[in-house]
Amino acid sequence: MRYLCVLGSTGSIGENTLDVVRQHPDKYCISSLSANTQIEKLASQCLEFRPEIAVVSTAELATKLRDLLGESPTTVMYGLDGLIQAVRLTQVDTVMAAIVGAAGLLPTLEAAKLGKRVLLANKEALVMSGELMINLVRQSGAELLPIDSEHNAIFQCLPQNQIGQSSANTVKELLLTASGGPFLHRELNSFPDISPAEACKHPNWVMGRKISVDSATMMNKGLELIEAMWLFDTSPEKIKVVIHPQSIIHSMVRYIDGSIIAQLGAPDMRTPIAYGLGWPNRISSGVQELDFEMISNLSFHALEDARFPLLKLARAVAGQGGTAPTIMNAANEIAVAAFLNNQIQFTQINEVVDTVLNTLEVCNVDNLEIVLETDKMVRDFTNKHIQTIN
């Protein structure tokens, strides 16, 4: 029996995790759950799984959740302290880190520090503090397993499922596949007119609004590139992004002998989640099997920098290192939020991130405090900059 803490249980990853858990009541027990603001959904999850702790974002929401739970034995907490306590529960041995954005950084690092199995669905933990995270994993003996479909695919394709170890002697390059999002064939001159609703309508995946916009701009691939550097101890030059609209091949590894090993599957996040939960064994996920007789086409396309300038920017940031990824990530989060609130145009997301990166100074990352201070400073600066636009 494994005991789970699911950080971000009401989001897409969290709900899919609970769906896999339902299929294996003899293998998994939910010890703690967290949500940001969706307290009705969280209350339903608590009544079903009866976790020891449930965490929400504010004291007000905590009071409302307690009212919804009635006489349930679940202890309701809130804020960062609550998230840390949810991770620290003695019986918890597995943490699904699925909180979107920088908010998930500290509890994810805490899980690594405590030597838990960390199922990493939060890109920002490695983007913002990759070296710190990998060092904690090595020092504590934690198990770091990627849940992003692309990194999970590479993990499955590498020899001995290596994390934080170099395969330079045998691997020539890592190939991250990308669907291209909803605007792969849209006329570039119409990009300023893209609405939030259009940007959030992904052709293959059901995701949250922020991640959907990142997919449309291809910033998600930029974050994944940086994440892959740390997970697989490789340079950005050895990571290539390939457009694959069908989202059947989730990523590939090219070996020095000319072989390419790919991981295929339906575009359903329950597959990588089940792989992480069951590793090193495999468990059923409930995902519909691929029917090769129904697949008429697997196509690939080169990237257009003019269509996806944020990916080119992220690659440069990956090579720069230091606090540059933290600056890029924070600026992007604020810019995406502004776009979703109709404050800026779709094309201005790139302009905002580029301006912030070219304005603020990059420094070395020696400790977590530098990361947190940089993140806060960038968010304040970016918000003020957006107010000057238009």
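As the structure is a prediction and not an experimental result, all values here were calculated from the model.
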Salt-bridge criterion met for E224 and K221 (N-O under 4.0 Å): yes
How long is the gap from CG on D305 to CE on M218, to the nearest 0.5 Å? 10.5 Å
Between N122 and G104 the two heavy atoms that sit nearest each other are ND2-CA, 3.7 Å
Side chains of S251 and Q263, heavy atoms from C-beta outward: is any pair under 4.5 Å? no
Note: L145 and G276 closest approach over all heavy atoms is CD1-O, 3.5 Å
Got a donor-acceptor contact below 3.5 angstrom from the T63 side chain to the A59 backbone? yes
Are T10 and N36 close enough that some pair of their side-chain heavy atoms sits under 4.5 Å apart? no
Does atom NZ of K312 have more than 12 heavy-atom neighbours from other groups under 6.0 Å away? no
Polar side-chain atom of T217 near backbone of D214 as donor-acceptor pair, under 3.5 Å: yes
Quick check against the 3.5 Å criterion: does K238 have a side-chain atom that pairs as donor or acceptor with the backbone of V171? yes
Decide yes or no for H250 and L264: does some side-chain heavy atom of the first lie under 4.5 Å from some side-chain heavy atom of the second? no
Taking NZ, NE, NH1 and NH2 as the nitrogens, is one of them in D93 or K116 under 4.0 Å from a carboxylate oxygen of the other? no
Between the main-chain N or O of A142 and the side-chain N or O of R117, is there a donor-acceptor pair closer than 3.5 Å? no
Does the pair L33 and L18 meet the rule for a side-chain contact (heavy atoms from CB on, under 4.5 Å), with working shown? CA-CA 10 Å; L33 298 171; L18 296 180; 4.2 Å; yes
If we ignore hydrogens and angles and just use 3.5 Å, is the side chain of N152 paired with the main-chain N or O of P146 as donor and acceptor? yes
Taking D148 for the side chain and H151 for the main chain, is one N or O donor matched with an acceptor at less than 3.5 Å? no
Evaluate L277 against L4 for side-chain contact (heavy atoms from CB on, under 4.5 Å), listing each step before the verdict. CA-CA 9 Å; L277 286 173; L4 273 63; 3.6 Å; yes
Answer yes or no: is there a donor N or O on one side and an acceptor on the other, between the side chain of T323 and the main chain of T326, under 3.5 Å? no
Atom NZ of residue position K41 - does it have more than 12 heavy atoms of other residues, nucleotides or ligands inside 6.0 Å? yes
Membership question, hydrophobic clusters at under 4.5 Å side-chain separation (ILVMFWY): are V95 and V20 in the same one? no
Take V371 and L132, measure what side-chain contact (heavy atoms from CB on, under 4.5 Å) needs, and give me the verdict at the end. CA-CA 10 Å; V371 173; L132 297 175; 4.3 Å; yes
With a 4.5 Å limit on heavy-atom distance, are the side chains of I134 and L144 in contact? yes
Q45/S9 under side-chain hydrogen bond (donor to acceptor under 3.5 Å, both in side chains): CA gap, chis, key distance, verdict: CA-CA 8 Å; Q45 293 173 347; S9 65; 2.7 Å; yes
I'd like to know if the side chain of S284 reaches the main chain of G286, judged simply by a donor and an acceptor atom lying under 3.5 Å from each other, with no hydrogens or angles considered. no
How far apart are the closest heavy atoms of I154 and M252, and which atoms are they? CG1-O, 4.2 Å
How long is the gap from CG on N364 to CD on E131, to the nearest 0.5 Å? 9.5 Å
Are T74 and I53 close enough that some pair of their side-chain heavy atoms sits under 4.5 Å apart? no
Looking at residues at least two apart in the chain, or sitting in another chain, which of them share a salt bridge (charged side-chain N to carboxylate O under 4.0 Å, His left out) with E304? R307
Partner set under salt bridge (charged side-chain N to carboxylate O under 4.0 Å, His left out) for E173, not counting sequence neighbours: R254
Here the gap from C157 atom SG to L174 atom CG, rounded to the nearest 0.5 Å, amounts to 10.0 Å
For the CZ atom on R22, are there more than 12 heavy atoms of other groups (residues, nucleotides or ligands in this structure) within a distance under 6.0 Å? yes
With side chains defined as the heavy atoms from C-beta onward, is the minimum distance between V352 and I389 less than 4.5 Å? yes
Start with the C-alpha gap between F183 and E198, add the side-chain angles, then the distance that decides, and say whether side-chain contact (heavy atoms from CB on, under 4.5 Å) holds. CA-CA 9 Å; F183 309 129; E198 290 174 314; 4.1 Å; yes
Minimum-distance pair of heavy atoms, taken over all atoms of L340 and C200: CD2-SG, 3.9 Å
Can any side-chain N or O of T177 pair as donor or acceptor with the backbone N or O of V242 at less than 3.5 Å? no
Donor-acceptor list for residues 77-89 side chains, cut-off 3.5 Å, not counting sequence neighbours:
from: R88; atom 1: NE; to: E110; atom 2: OE2; distance (Å): 2.8
from: R88; atom 1: NH2; to: E110; atom 2: OE2; distance (Å): 3.4

Classify the angle between the aromatic ring planes of F381 and H385 as parallel (below 30°), tilted (30 to 60°) or perpendicular (above 60°). parallel
In Å and rounded to the nearest 0.5 Å, what is the CD1 to CE distance from I13 to M269? 3.5 Å
Using the ring pair (Phe, Tyr, Trp, His ring centres under 6.0 Å) rule, collect all pairs that involve residues 307-345, keeping only residues at least two apart or in two chains. F339-F346
Any idea how Y275 and F155 line up, ring-wise: parallel (<30°), tilted (30 to 60°), or perpendicular (>60°)? perpendicular
D268 side chain vs R270 backbone, donor-acceptor pair below 3.5 Å: yes
Going by an N to O cut-off under 4.0 Å, is there a salt bridge joining K384 and D380? no
Do you know which two heavy atoms are closest between P272 and S149, and how far apart they sit? CG-CA, 4.3 Å
Could you tell me the separation between the CZ atom of R379 and the CG atom of N329, rounded to the nearest 0.5 Å? 6.5 Å
For A125 and L120, the nearest pair of non-hydrogen atoms, with its separation, is CB-CD1, 4.1 Å
Which distance, rounded to the nearest 0.5 Å, do you find between the CD of Q91 and the CZ of R2? 13.0 Å
Contacts of R66 that satisfy salt bridge (charged side-chain N to carboxylate O under 4.0 Å, His left out) - sequence neighbours left out: none
Hey, does F191 have a side-chain heavy atom less than 4.5 Å from the side chain of Q345? no
Restricting to side-chain hydrogen bond (donor to acceptor under 3.5 Å, both in side chains), what partner residues turn up for S299, sequence neighbours left out? Q246
Does any part of the side chain of V56, heavy atoms only, come nearer than 4.5 Å to the side chain of S34, both counted from C-beta? no
If you count the non-hydrogen atoms of other residues, nucleotides and ligands that lie under 6.0 Å from CD in E60, is the total more than 12? no
Side chains of Q156 and R282: donor-acceptor distance under 3.5 Å anywhere? yes
